[in-house]
Amino acid sequence: MLVVHQRKRRFRGPEPTRERLLQAAFREVHRSGFQSTGIDTILAATNLTKGALYHYFDSKEALGYAIVEEIIAKLVRDGWLRPLLSDGQPIDILIGIVRGLPARPEDIRAGCPLLNLAQEMSPLDEPFRKRLERIFLAWQDGVATLLRKGQSQGTVRRNLNPDETASFLIAMVEGYGSLAKNAQDAKVWEVGVTNIVGWLRSLRAPRQSRRGGRHATNRVQGKR
């Protein structure tokens, strides 16, 4: 799940016009999907002409790629990658990020924009798939790097594989987001957060687990 904040802004001049088109397109794609979003719908939301749109984007596909690279990638940077660089113990940082993920009705209803596009477009458009893959890999690498830091500090279990564990975390976050979206029920997401936080606590090094009154019980991502 990614936080989507919509801000009201005043647009003037050529670059703000591009941003205006990009944000309007993102809202429509997030609501209806890329294939179902029409150029006319985007233009109606911006009161701009097709000439203005095609001045900045050669095609609908080019507009979609810009949504991925400029908006969705930024959501991952702001929601995950930057917080991963915070001071503190790695597991505490990850728990804080997960607990801060959105649970508003509109977030549950629309789902994660990254996952939505990956599910819709990855089988259909290779440039889309590659752009989305780069975001997932950056997300995974950021989490794995933090876990390695924790291992070097002695606060994260040494018997886990950071890359596999990071991938599993992302799968849980996106999986519970999908379940909540399908159920249209924030309680499903809340249960997911509780379970993810419990699993993250199990990744602490044994000494850290005892200090917190808990023991590392899961070995899902341990090296063989």
Side-chain angles (χ1 to χ4, degrees), residues 1-7 18-19 21-37 42 56-86 90 93-94 96-103 106-149 161-181 189 192-193 196 200 221:
M1 293 287 285
L2 302 176
V3 184
V4 180
H5 294 297
Q6 298 295 342
R7 294 178 296 175
R18 182 183 184 280
E19 179 73 6
L21 286 164
L22 195 59
Q23 292 292 338
F26 170 70
R27 288 192 295 270
E28 293 301 325
V29 169
H30 191 204
R31 181 184 301 117
S32 305
F34 180 77
Q35 295 177 89
S36 297
T37 295
I42 297 170
Y56 294 105
F57 305 100
D58 293 336
S59 63
K60 180 183 175 184
E61 287 72 23
L63 177 58
Y65 303 154
I67 289 172
V68 174
E69 294 174 334
E70 299 179 37
I71 296 181
I72 295 179
K74 185 177 186 301
L75 291 174
V76 175
R77 286 196 301 272
D78 292 347
W80 281 90
L81 301 186
R82 289 196 178 101
L84 289 173
L85 302 176
S86 303
I93 292 171
L94 289 171
I97 293 172
V98 170
R99 282 178 168 167
L101 293 174
E106 56 267 36
D107 297 312
I108 299 301
R109 181 172 58 253
C112 172
L114 173 60
L115 183 61
N116 289 352
L117 268 178
Q119 291 176 327
E120 179 189 6
M121 297 305 298
S122 290
L124 305 176
D125 188 291
E126 184 65 6
F128 251 113
R129 188 197 68 77
K130 287 183 177 180
R131 286 169 170 82
L132 294 163
E133 181 183 41
R134 283 196 289 270
I135 296 174
F136 277 117
L137 290 175
W139 185 0
Q140 178 179 331
D141 184 63
V143 174
T145 298
L146 182 64
L147 291 171
R148 289 190 186 94
K149 178 181 177 181
N161 182 305
D163 292 310
E164 293 177 3
T165 304
S167 177
F168 190 63
L169 173 60
I170 293 169
M172 283 195 292
V173 168
E174 295 290 40
Y176 273 115
S178 293
L179 291 174
K181 177 183 176 181
W189 174 246
V193 169
I196 294 169
L200 284 170
Q221 302 298 327

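FYI, side chains are in, hydrogens and waters are out, and symmetry mates aren't considered; it's all heavy atoms of this structure. Owing to the predicted nature of the structure, the values given are computational and were not obtained by experimental measurement.
In plain terms, the two heavy atoms of Trp189 and Val173 that are nearest each other are CZ3-O, 3.5 Å. Residues Ala166 and Ala144 come closest through the heavy atom pair CB-N, 3.7 Å. Counting all heavy atoms, side chain and backbone alike, Asp107 lies closest to Pro102 at OD2-CB, 3.1 Å. Ala25 and Leu63 get closest at one heavy-atom pair: CB-CD2, 3.7 Å. Closest approach of Phe26 to Pro113, counting heavy atoms only: CE1-CB, 3.9 Å. Taking all atoms of both residues into account, the shortest heavy-atom contact from Gln140 to Asp163 is NE2-O, 3.3 Å.
Note that the CD atom of Glu70 and the CG atom of Leu75 stand 12.5 Å from one another [nearest 0.5 Å]. Residue Gln23 holds its CD atom at 12.5 Å from CD of Glu28, rounded to the nearest 0.5 Å. Remark: Leu101 CG to Tyr176 OH distance equals 14.0 Å, nearest 0.5 Å. For the atom pair CG of Asp141 and CZ of Arg148, the computed distance is 7.0 Å after rounding to the nearest 0.5 Å. For the atom pair CG of Leu115 and CD1 of Ile170, the computed distance is 11.5 Å after rounding to the nearest 0.5 Å. Here the CG atom belonging to Leu179 is positioned 10.5 Å from the CD1 atom belonging to Ile108, to the nearest 0.5 angstrom.
Within the 4.5 Å cutoff, the side chain of Glu19 has heavy atoms near those of the Leu22 side chain. Side-chain contact between Lys181 and Asn116: present, with at least one pair of heavy atoms (C-beta onward) separated by less than 4.5 Å. Annotation: side chain of Ile67 is not in contact with side chain of His30 (no heavy-atom distance under 4.5 Å). Within the 4.5 Å cutoff, side-chain heavy atoms of Leu94 are placed close to those of Val143.
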> Checking side chain to side chain contact (heavy atoms under 4.5 Å, CB included) for the pair Glu174/Leu114: CA distance, chi angles, key distance, verdict?
Replying inline: CA-CA 9 Å; Glu174 295 290 40; Leu114 173 60; 4.2 Å; yes
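A salt bridge is defined here as a Lys NZ or Arg NE, NH1 or NH2 lying under 4.0 Å from an Asp or Glu carboxylate O, and Glu126 with Arg129 meets this definition.
A side chain to side chain contact (heavy atoms under 4.5 Å, CB included) with Ile93 is found for one member of Leu200, Val98, Leu146 and no other, namely Leu146.
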Name the atoms and distances for all side-chain donor-acceptor pairs under 3.5 Å in residues 117-125, with sequence neighbours left out.
unit_1	atom_1	unit_2	atom_2	d
Glu120	OE1	Phe34	N	2.9
Glu120	OE2	Phe34	N	3.2
Glu120	OE2	Gln35	N	2.8
Glu120	OE2	Gln35	NE2	3.3
Ser122	OG	Ala118	O	3.0
Asp125	OD1	Tyr65	OH	3.0
Asp125	OD1	Phe128	N	2.9
Asp125	OD2	Tyr65	OH	3.3

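Every residue meeting the side chain to side chain contact (heavy atoms under 4.5 Å, CB included) condition with Ser32, not counting sequence neighbours, appears here in chain and number order: Ser36, Thr37.
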